[in-house]
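To find a chain, count down the sequence lines: A is the first, B the second, and so on, and within it residues start at 1.
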There are 2 protein chains.
Amino acid sequence: MKLTSRGRYAVMALVDLARFDNVNPVSLRDISLRQGISLDYLEQIFSKLKKDQIVKSTRGTQGGYVLSKKPNEIKLTNIFQAVDEKVKTVQCKKDSKKGCNGKATKCITHNLWDELESHINSFFEKKSLEDLLKSNKENRL
Amino acid sequence: MKLTSRGRYAVMALVDLARFDNVNPVSLRDISLRQGISLDYLEQIFSKLKKDQIVKSTRGTQGGYVLSKKPNEIKLTNIFQAVDEKVKTVQCKKDSKKGCNGKATKCITHNLWDELESHINSFFEKKSLEDLLKSNKENRL
DNA sequence: TACATACCTGACTAAAATGGTCAAGTATAG
DNA sequence: CTATACTTGACCATTTTAGTCAGGTATGTA
C-alpha cells in the first residue's frame, strides 16, 4: 500500500497556492519552480482539481489559479478524491466466483478492509488545508 | 493509494489456516481450493511468511503449514511486513534537490505523511489474527 | 524402496499503473 | 497583436503487480 506522488504533489501545490494567493492568482509556473514539480504534470493535476471545484482559474497574462474555498473548508479527502487518489482496499466485486460479491456472502476479510478504509478516511476528513498551513508556520521552507 | 492483493491473500490464507490447523498441518492446496487463490502464488506468499517466522512448515505427505504463534500474537503489521506490503507514503530521501531530504529542511507536507503513516500503522498494530477469527464466527463463509 | 504428496526456488511474463513528456491549441491582459 | 498562462489529449518509458511455469527437494506411507 502506498501513496502515489500525484496525491502528494496535489497537496504540496495547494499548500503553496494557499500561501501565495492573497492578492493575485498564482501561476502554475511559479508553483512548479518553487516546489520542483514538472509544469506539464501540474497542469494535469490542476485540471482535475478544477473539475472538482477546489480551485478556480483565470486565463491570460497575470492569470493563474486561486482556491475556490477557504483553506479550512478544503479537506484532504476532497483533494485526494479529485486527483483519483482514492483509498481502495478490496475489490471483491469481480471475484464473485469465490463467494465475495460484496453482498450476501462476504469473503473472510471483507469487514476488515471496510474498517481500514474508514479509519484512513477519517484521518483525511479531519485534516484541512488550514491545518497544514498552520503546522508550516514554524517549519517554514 | 491502494492495498495490493498479495497482502489481502496473505491475510485470507492465514485466517483460513488458523481455522483449520487444530490437528494437522494445512496444505496450501486446501487453502488454494477454499479461498480460490492460485497455488503457485500462495507458495510465494508462504515462503515469505515462513521467512518471518509467522508459519512453520512440514514436508512430505500429510505435510503443510501451521502458525508458529498464537493467533492473538500475530498482528496485521507482522503479516504485511512479511509480504512486503508496507505503508509507504513519502519517499523524500531521493528528492534532496528540492529541499526535502528528511532532515533539516522538510518539504511542506512531510509531517503530514508521517502522521498518516503512524495513523495507519496503529490500526495494523492493534488488529490480530484472533480479532479476525472472532469477527468471522458470526459471519462464517 | 518406490511413489505420491507437498514444500521450495527462481525465472519468466502479460497487463496495469505510474509519472511523466510533447504537441497543439484557446483565452485574455496589456 | 503578442506574450502569458490555462486547456486538452495523445503518447510513452519504467515499474509494479499478479501471477505462471518449470524445475527441483524432502518425507510419510504402502
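Checked against D:dA18, D:dA5, D:dT7, the side chain of A:Tyr65 finds its nearest nucleotide in D:dT7.
Across the protein-nucleic acid pair, B:Lys2 atom NZ and C:dA16 atom P stand 12 Å apart, rounded to whole Å. Here C:dC8 presents its P atom at 12 Å from CG of B:Leu49, a figure rounded to the nearest Å. Residue B:Leu42 contributes atom CG, which lies 16 Å from atom P of C:dT9 at whole-angstrom precision. Distance CG (B:Leu28) to P (D:dG19): 16 Å, rounded to an integer number of Å. If you measure from atom CZ of B:Arg29 to atom P of C:dC8, you get 17 Å, rounded to the nearest angstrom. Rounded to whole Å, the distance from CG on B:Asn24 to C1' on C:dA6 is 14 Å. One can place NZ of B:Lys48 at 12 Å from C1' of C:dT9, the figure rounded to the nearest angstrom. Rounded to an integer number of Å, the gap from CZ of A:Phe46 to P of D:dA5 is 14 Å.
Taking only side-chain nitrogens and oxygens, B:Ser57 comes nearer than 4.0 Å to OP1 or OP2 of C:dC8. Between C:dC8 and B:Lys50, a contact under 4.0 Å exists linking OP1 or OP2 to a side-chain N or O.
Residues satisfying the side-chain hydrogen bond (donor to acceptor under 3.5 Å, both in side chains) criterion with A:Glu43, sequence neighbours excluded, are absent altogether. Under the ring pair (Phe, Tyr, Trp, His ring centres under 6.0 Å) criterion, B:Phe20 pairs with no residue, sequence neighbours left out. With sequence neighbours excluded, the residues satisfying side-chain hydrogen bond (donor to acceptor under 3.5 Å, both in side chains) with B:Asp16 are B:Arg34, B:Gln35.
Within the structure, the side-chain hydrogen bond (donor to acceptor under 3.5 Å, both in side chains) test picks out the following pairs touching residues 49-60 of chain B (sequence neighbours left out): B:Lys50-B:Ser57. For residues 61-79 of chain A, no pair satisfies side-chain hydrogen bond (donor to acceptor under 3.5 Å, both in side chains), with sequence neighbours left out.
Under the 3.5 Å distance criterion, the side-chain polar atoms of A:Ser128 are left unmatched by any main-chain donor or acceptor of A:Ile74.
Residue B:Val55 is classed as having no contact, given no heavy-atom separation below 4.0 Å to the nucleic acid. Residue B:Thr4 is classed as a sugar-phosphate contact, given heavy-atom separations below 4.0 Å to backbone atoms only.
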What string of B, S and - do you get for nucleotides 20-30 of chain C 5' to 3' if you count protein non-hydrogen atoms under 4.0 Å? BBB---BBBB-
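Looking at heavy atoms from C-beta onward, A:Phe80 lies out of side-chain contact with A:Thr4 at the 4.5 angstrom threshold.
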